[in-house]
Amino acid sequence: MGIPAEAEAPAALKSSDFISKLTRALFGIAAGIALVYVISERRKYAAPAVMQRCDHLSPITAAELQARQTSLARVLSQLNASAYISEPGASSLYYGNISTSNWRLSERPLLLMITPQQNGDEIEAKVSILTPAFEASRAKMLPIASNDVTFIEWAEETNPYEHAMTILSDTPGSVYVDGATRNFIVDGLRDAHPQAAVSSAPYEIRRLRERKSPVEIELLKCANEATVLAIRAVREKLHFGTRESTASAMMRAALASAGLRDGGCLTLFGENAALPHGSGTDRTLGKHDFALFDCTASLHGYRSDVTRTVALAKSEIPEEHIQIWRDVRAAQNAAISTAYAGVIAAEVDKAARSSLDNSKYFTHRLGHGIGLEVHEAPYLNGGSKSVLETGHAFSDEPGIYIEGKVGVRLEDCFYISETGSPVFLTAGIGGQAKSPWSP
Ligand SMILES: *[C@@H]1O[C@H](CO)[C@@H](O)[C@H](O)[C@H]1NC(C)=O
Ligand SMILES: *[C@@H]1O[C@H](CO)[C@@H](O)[C@H](O)[C@H]1NC(C)=O
């Protein structure tokens, strides 16, 4: 009252200046505390048994990447096809070491293009990259493992697909695109060269990536073993009252301490585990509850996928729930004992299902292929006519889900060995869980 307006303004200015400084200081302190918290959580939940477990394994070498390009070129030639085209993704990572982390997808196409070339009696792979012209320097920094890459640049005012199709002759054979290629790119390629039949890569091509090499199997084994060891280590540190969110943070830290990347787990306690992909609540662990961890992480791009349904030393699990655990374990065995080279995928799914008296509670497919993607073809489901081949790797993950009560899932991945028989990727550290107390 009675204070002139002019007199008020500077004070208000000063106080808002003070508040903004204070806010900045508080933000700084909060960020500091958060950082210290993250580092200390990492330390607290680091799992010494898992530490640096896979450090001895190297990423895929240039020689292996080039061998993949040559195999692809040979198959293209056998199919009388002119080219294989992939956007950044799992297939471009497989053939050209280009992932979506070193080239994010945008509306401007960047394409890996491989064409077969006759050199005497040999078929060689010619590798080309279609790149936006203004991004050409960055494209040339991509870690493509080829000695001789042709960069085809498209300027903003031109049609990128017409540039892409310059790799083809006037009378081209089929052009196969990776199945994950976005529609507008497929359409663009079709319109740019109507004589070339553009379609998704057939099985002869897809199986090159589906069947893992010995080096890939070693990476998958280590990633999956370290993931199991991380779950075992975290289980030791759980207690009644731990929240799902805390246990999930513990798992992330344990996976990171193993040297794995992008690790995380679906973490579900008690009846929450009856919803296979989670409930959205943050429950605490009780004496009568199972804890379900469904974890994935990556090692040089290769993924793990492991599920354990565990109990603590002092848990008092109802006998009925322990029986469900045993049934799921038996279903896991029933599945793998049928999974030989030459068998139809649907049969493996059926074996798990028919081993269960209460299979109506086993509501999802048995498993999926695994490699550079957590879920990839081929799949183990009741409708799959895929034939198991040596080098294929799959998850074996039956589950029983009784809503409002209990959920149990057990998951180990396996591969079809050179002899045609299935081997768990986790065999090196004891393989499957033996009981809820011995995961
Ligand atoms: C593949 O790319 C990664 C980085 O994304 C790099 O560390 C690695 O050396 C590359 N491999 C080859 C063989 O160039
Ligand atoms: C490829 O072309 C050759 C020669 O024209 C033909 O004999 C062969 O059947 C063709 N292969 C395919 C898969 O179309």
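For ligands, and for the atoms within them, numbers begin at 1 and follow the listed sequence. Quick note: residue numbers are just sequence positions, from 1.
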- Which side-chain hydrogen bond (donor to acceptor under 3.5 Å, both in side chains) pairs, counting each pair once, include a residue from residues 338-352, with sequence neighbours left out? Asp349-Arg353
Result block: side-chain N/O donor-acceptor pairs under 3.5 angstrom for residues 258-267, not counting sequence neighbours:
residue: Thr267; atom: OG1; partner: Cys265; partner atom: O; Å: 3.2

- Message: Show me, by chain and number, every protein residue that has a heavy-atom distance under 4.0 Å to ligand 1.
- Response: Ile60, Thr61, Ala62, Leu65, Asn97, Asn102, Pro143
- Item | side-chain contact (heavy atoms from CB on, under 4.5 Å) partners of Ser106, counting only residues at least two apart | Arg108
- With Lys140 as the cation and Phe151 as the aromatic partner, state whether NZ or CZ is under 6.0 Å from the six-membered ring centre and within 45° of the axis. yes
- Query: Would Arg209 and Tyr95 count as having a side-chain donor-acceptor pair, cut-off 3.5 Å?
  - Reply: no
- Are His163 and Tyr161 close enough that their ring centres sit under 6.0 Å apart? no
